[in-house]
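By convention in this document, chain letters (A, B, ...) are assigned in the order of the sequence lines, proteins followed by strands, and residues within each chain are numbered from 1. Heavy atoms only: backbone and side chains are in, while hydrogens, waters and symmetry mates are out. Note that the coordinates shown come from a computational prediction; the quantities given were computed from them, not determined experimentally.
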There are 2 protein chains.
Amino acid sequence: MDKQTITIYDVAREAAVSMATVSRVVNGNPNVKPATRKKVLEVIDRLDYRPNAVARGLASKKTTTVGVIIPDVTNIYFSSLARGIDDVATMYKYNIILANSDQNGQKEVQVLNTLLAKQVDGIIFMGNQITDELRAELKRSRTPVVLSGSVDPTGELGSVNIDYVAAVMESITDLINNGNKRIAFVSGSMDEPINGEYRLKGYKMALEKAGIKFDKELIFETDYSYRAGETLWPAIASSHATAAFVGDDELAVGVLNGARDAGLRVPEDFEIITSNDSKLTEIVRPKLSSITQPLYDLGAVSMRLLTKLMDKEEVSEKTILLPYGLIKRSSTK
Amino acid sequence: MDKQTITIYDVAREAAVSMATVSRVVNGNPNVKPATRKKVLEVIDRLDYRPNAVARGLASKKTTTVGVIIPDVTNIYFSSLARGIDDVATMYKYNIILANSDQNGQKEVQVLNTLLAKQVDGIIFMGNQITDELRAELKRSRTPVVLSGSVDPTGELGSVNIDYVAAVMESITDLINNGNKRIAFVSGSMDEPINGEYRLKGYKMALEKAGIKFDKELIFETDYSYRAGETLWPAIASSHATAAFVGDDELAVGVLNGARDAGLRVPEDFEIITSNDSKLTEIVRPKLSSITQPLYDLGAVSMRLLTKLMDKEEVSEKTILLPYGLIKRSSTK
DNA sequence: AAATAAGGTAAAAACGCTTGCAATTATCTT
DNA sequence: AAGATAATTGCAAGCGTTTTTACCTTATTT
């Protein structure tokens with residue numbers, strides 16, 4: 001009645017060998033006589049035996065599963081990373097347990113705990129703010145962790161990103177060269193180091209180099225969502241900014257539509273440059289100029305780094321910077 | 001040196017009870033004297049004991065994990081469903097193993113096998129084409145399965161969708177009422193029942209009711225991607241269609257931009273109605289009119305149905321239809 | 001106060017596999 | 001051909017829980 005499963009024991013009996021031998025052939029252990037291997041393989045095939053990964057996990061203390069903590073799969077930036085992660089994971093025979101956190105510290109800690117309970121071999125974390133509690137748990141767990149597309153100012157954890165400071169500086173400089181003096185800086189929470197430290201620093205450096213005075217009236221802090229951008233428009237408009245750097249594509253599209261729906265022409269009246277070069281940038285009109293980041297690769301490389309960490313391989317540098325670029329489409333002059 | 005773990009045995013010793021008792025309190029079994037429970041709980045807290053889910057899984061034959069097979073997380077339609085799935089899963093204490101399949105029959109079978117090896121308690125499948133091989137494996141596994149946002153013409157498997165026939169018929173009728181006689185039908189592969197059977201049927205019914213003759217020159221079969229839509233435009237243009245029904249939002253945006261970049265005005269010169277009501281529809285200009293589907297809910301309800309199946313609860317109807325609607329935005333007159 | 005009924009708790013057998021170690025068999029060496 | 005070495009294979013002890021069975025306390029009943 002219930003799902004009668006074939007165990008390694010059944011195979012051993014049918015093949016007239018010990019469980020140990022079956023285990024060896026299943027695991028590709030070379031210490032098996034070819035003839036024996038063949039015999040076992042035949043039985044496995046005939047019985048349609050499928051090793052129980054849970055039992056395996058218990059015995060070997062490896063689950064070939066990694067946990068992925070993601071703010072929201074629905075956000076194209078993160079899902080792009082996730083895709084890269086999954087592909088590389090598959091390549092290395094790992095599976096992914098995906099869990100949405102909404103960037104909520106509480107949830108993050110909770111999710112982390114259930115992942116650890118499930119004995120994942122490693123963790124990939126996305127999210128730009130790591131609370132002290134989370135960091136403590138992460139450390140205590142002794143499980144390899146890598147931050148994907150997220151920054152760790154302390155450098156304790158493995159992470160894969162681009163050089164945000166330089167990328168932002170370059171894009172702001174570009175905007176300045178186009179004649180803009182008042183450039184809005186629109187991003188998510190400044191509490192996130194990626195915004196409050198890295199991007200903002202790039203922004204300030206570019207201004208300084210051009211001899212423009214920093215004006216905090218031009219700093220806008222909001223959510224990473226389309227709606228947030230749309231809503232924010234009036235405020236940006238009244239700041240007399242003539243251009244904006246935006247830290248997220250959905251957000252940027254919101255700003256873009258806010259501006260256009262208010263009657264402005266982009267880029268003639270207002271220029272926009274965004275940060276993630278996701279599909280969205282090419283889907284909207286005008287197409288958005290953007291910092292380019294290899295999203296898929298960020299995920300892929302993160303996972304690859306994690307496999308090294310899990311295998312206890314020596315890694316020379318735990319913080320990996322991937323190349324970025326700047327692509328001018330039609331939202332800038 | 002290595003991660004020394006606290007086991008149930010340690011807790012039992014410290015609390016001076018048996019493992020069995022610790023197990024009972026951990027699992028909320030009521031047969032424990034309050035005083036004992038308290039004592040055990042204190043030790044658990046002090047030792048920071050975290051039950052090993054793998055061992056649990058082996059002993060109880062339940063992993064509280066479900067497998068989710070998704071064509072591509074990067075597609076907003078699917079990721080929206082996935083979000084609903086994950087939220088409900090979390091609610092019921094399950095985790096999700098997410099695996100991308102690219103709608104590739106081979107990969108699907110392979111992924112399914114590794115999920116089953118991992119002893120998932122259930123499976124949620126997204127993808128509109130179920131090969132015979134896959135169906136056979138699914139059946140043989142005796143693991144509960146539900147199709148999310150995907151159709152099963154045979155009705156053997158649990159599934160959650162909307163009434164595609166009716167929805168498409170309604171939208172085509174709307175287009176007809178706007179004066180269109182030549183309406184393009186743009187979708188993914190016609191081999192997928194959702195397109196070749198359901199949607200197409202709705203399309204034909206609407207035409208018939210209006211006395212318009214079906215013209216297969218107006219049927220366009222392509223990929224579910226932005227690029228595919230853009231590329232397809234010239235063909236649509238030369239078919240002399242004055243409107244299009246499109247089966248996927250990304251695809252629809254491609255068609256929209258193809259048309260506009262070619263100089264047409266939407267909706268004045270060409271009308272478009274799309275199918276999934278994802279974020280994209282509101283992000284582009286003009287905003288896309290669409291069939292509305294509760295994407296998040298489709299996922300959520302799928303997962304809820306799966307929990308019932310996993311608990312062996314009686315479910316009156318394995319095929320659940322959620323309500324759909326039609327929202328007119330600016331891509332139709 | 002004796003008999004009976006409930007709780008509570010412990011003991012130990014699974015769960016299905018990996019793995020170190022020992023035993024066996026095959027292959028060399030000289 | 002005997003001893004030595006290497007290649008195979010089997011044994012059995014875990015891995016950390018759950019769960020069944022049985023036993024032992026208490027409380028309840030009469």
_Looking at A:T36, I'd like to know whether one of its side-chain N or O atoms comes within less than 4.0 Å of OP1 or OP2 on D:dT8._
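The answer is no; no side-chain N or O of A:T36 sits under 4.0 Å from OP1 or OP2.
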*Rounded to whole angstroms, how far apart are CG on A:N29 and P on C:dT19?*
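That distance rounds to 9 Å.
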_Contact between A:F78 and A:P71 at the side-chain level, heavy atoms closer than 4.5 Å - yes or no?_
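When only atoms from C-beta onward are counted, A:P71 and A:F78 do touch, with a gap below 4.5 Å.
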*asked:* Using a 4.0 Å heavy-atom cut-off to protein, can you give one letter per nucleotide of nucleotides 10-18 of chain D, 5' to 3': B if the base is in contact, S if only the sugar-phosphate is, - if neither?
replied: BB--BBBBB
*Could you state the atom-to-atom distance from NZ of B:K38 to P of C:dG8 in whole Å?*
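The answer, rounded to whole Å, is 17 Å.
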*Ignoring hydrogens and angles, state whether a donor on the side chain of A:R50 or B:N113 is under 3.5 Å from an acceptor on the partner side chain.*
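Checked: A:R50/B:N113 side chains pair up, N/O donor to acceptor below 3.5 Å.
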*Report the distance from atom CG of A:N31 to atom C1' of C:dT24, rounded to the nearest whole Å.*
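Answer to the nearest Å: 15 Å.
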*asked:* If I compare all heavy atoms of B:L305 with all of B:V315, which pair ends up nearest, and what's the gap?
replied: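 Shortest heavy-atom contact: CD1-CG1, 4.0 Å.
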*Flag the pair A:E192 / A:Q103 as yes when at least one side-chain heavy-atom distance between them is below 4.5 Å, and no otherwise.*
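Side chain of A:E192 against side chain of A:Q103, heavy atoms only: contact under 4.5 Å found.
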_B:T154 versus B:R135, side-chain donor and acceptor atoms under 3.5 Å_ =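 B:R135 vs B:T154: donor-acceptor pair found between side chains.
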*asked:* Under a 3.5 Å cutoff, is there a donor and acceptor pairing between the side chains of B:S23 and B:N27?
replied: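 Per modelled atom types, B:S23 and B:N27 side chains form a pair under 3.5 Å.
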